[in-house]
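Atoms within each ligand, like the ligands themselves, are counted from 1 in listed order.
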Amino acid sequence: MPLEIVRNDITKMTVDAIVNAANESLLGGGGVDGAIHHAAGAGLLAECKTLGGCKTGKAKITGGYNLPAKYVIHTVGPVYEDGKHGEKDLLESCYRESLALAKKRNCETVAFPLISSGVYGYPKDQALKVAIDVISTFLLENDMTVYIVIFDKAAYKISEKLFSDIAEYIDDNYVDEHTDYRRESTRMNVPMQAIMADEICECKALFTEDDLDSKLKQIDESFSQMLLRKIDEKGMTDAECYKKANIDRKLFSKIRSDVHYKPSKPTAIAFAISLELSLDETEDMLKKAGFALSHSNKFDIIIEYFISKGNYNIFEINEALFAFDQSLLGA
Ligand code: APR
């Protein structure tokens with residue numbers, strides 16, 4: 001995945017470069033700055049002393065020393081006052097300048113903390129949004145894997161209303177694995193065998209005469225064929241689709257070139273979100289990859305919640321998944 005959101009300690013990340021949320025002196029401090037200097041050892045500070053500081057919004061690069069990362073890119077985020085003093089522009093510049101430096105050093109993997117979201121007081125959800133927006137734009141033109149490292153859960157704030165809405169939706173829909181198919185068959189008034197054989201969509205689907213043959217054709221098409229058909233129908237380019245799904249180009253070309261390719265469930269769901277498919281279309285696409293949205297899986301129910309609300313904002317979906325301790329889309 002070109003952009004992954006992970007929970008980790010950035011000093012433990014084995015990547016080409018980690019980014020440090022430093023101050024203008026570049027002589028260390030607390031927070032992630034302190035953790036990086038502590039893990040890197042005295043050599044890092046010695047090199048930093050030769051750099052003559054760094055301006056807010058700018059970035060400078062050093063060796064990684066005792067860190068698993070090869071380089072440390074030091075950038076200085078803005079101190080947040082009220083959002084009306086150019087803080088957003090400066091924070092965007094931190095990500096852009098750091099990515100440019102990483103690209104210049106031919107880094108293939110880079111890990112960012114949430115710059116300015118600690119001591120410098122930038123609201124974490126806005127800081128995350130800035131990070132995702134700038135990095136995603138960069139990745140449209142560049143091949144690199146970028147990690148946003150969330151150190152503490154507070155970084156993923158979610159509104160109380162949204163949280164309780166989703167919790168209620170989970171309660172209404174969550175069933176344990178041992179659902180009594182007998183109860184299901186009476187509830188849905190279809191033969192129990194159909195439930196067991198998971199043929200509900202054929203029993204329940206009511207095709208009008210004139211679209212029956214196109215529907216029958218669609219039942220036979222593979223995941224890959226449906227994906228490419230949907231990209232065309234939505235008027236998207238391949239790149240727009242897989243970038244929005246946060247899927248890397250290599251994986252997409254595998255799916256495109258192998259008509260029988262079976263993706264993982266999170267990959268299939270990421271494409272459904274990228275294409276903004278309805279719930280039925282999502283179920284259909286998942287079925288072609290051999291999966292179904294399961295009501296005994298909170299991740300699936302949260303995805304179903306957002307699709308049923310027509311909300312395909314991967315950022316908000318990830319906030320919710322994170323708040324319910326689920327793995328993230330694109331992670
Ligand atoms: N790994 C990943 N992220 C971390 C780690 C870690 N080991 N430690 C802290 N963080 C996170 C914090 O939770 C926060 O979300 O990094 C983010 C940035 O917080 P700070 O480190 O406080 O950085 P910032 O808000 O940019 O303030 C910079 O703090 O440490 C001083 O010298 C630094 O003066 C500078 C100021």
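At least one N or O atom of G30 sits closer than 3.5 Å to an N or O atom of ligand 1. No N or O atom of V149 sits closer than 3.5 Å to an N or O atom of ligand 1. The shortest N or O to N or O distance between N23 and ligand 1 is under 3.5 Å.
Short contacts between ligand 1 and D9, defined as distances under 4.0 Å to a heavy atom of the residue, involve ligand atoms 1 (N), 6 (C), 7 (N). Interface atoms of ligand 1 facing I10, defined by a heavy-atom separation under 4.0 Å, are 1 (N), 2 (C), 6 (C). Those atoms of ligand 1 with a heavy atom of K124 less than 4.0 angstrom away are 13 (O), 14 (C), 15 (O). Residue A21 has at least one heavy-atom neighbour below 4.0 Å for each of these atoms of ligand 1: 23 (O), 26 (O), 28 (C), 33 (C).
One option in V119, L91, V79 has a heavy atom closer to atom 22 (O) of ligand 1 than any other, and that option is V119. Taking all heavy atoms of A127, A22, S116 into account, the minimum distance to atom 26 (O) of ligand 1 is reached by S116. Atom 6 (C) of ligand 1 has its nearest heavy-atom neighbour, among F151, Y80, Y122, in F151. Taking each of A39, S117, P113, G121 in turn, the one with a heavy atom nearest to atom 14 (C) of ligand 1 proves to be S117. With atom 33 (C) of ligand 1 as the reference point, the heavy atom nearest to it among V32, T75, I115, D33 is part of D33.
A donor atom on one side chain and an acceptor atom on the other are found under 3.5 Å apart for E24 and T56.
Screening I61, T75, V110 for a side-chain contact (heavy atoms from CB on, under 4.5 Å) involving S98 leaves a single residue, T75. The salt bridge (Lys or Arg N to Asp or Glu O under 4.0 Å) test with D238 is passed by exactly one of R256, R249, K244: R256. Paired with Y122 under the rule side-chain contact (heavy atoms from CB on, under 4.5 Å), one option of I115, L90, L91 passes, and it is L91.
Y242 and F252 have tilted rings, their planes meeting at an angle from 30° to 60° on a 0 to 90° scale.
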Stepwise side-chain contact (heavy atoms from CB on, under 4.5 Å) check, Y312 with L275: CA-CA 9 Å; Y312 296 94; L275 291 162; over 6 Å; no
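Formation of a donor-acceptor pair under 3.5 Å by the T282 side chain with backbone atoms of A272 is not found in this model. Side chain of E87 to backbone of H85: a donor-acceptor contact under 3.5 angstrom is found. The main-chain N or O of H74 is never found under 3.5 Å from a side-chain atom of N20 such that the two would form a donor-acceptor pair.
For L114, the heavy-atom gap to ligand 1 drops under 4.0 angstrom.
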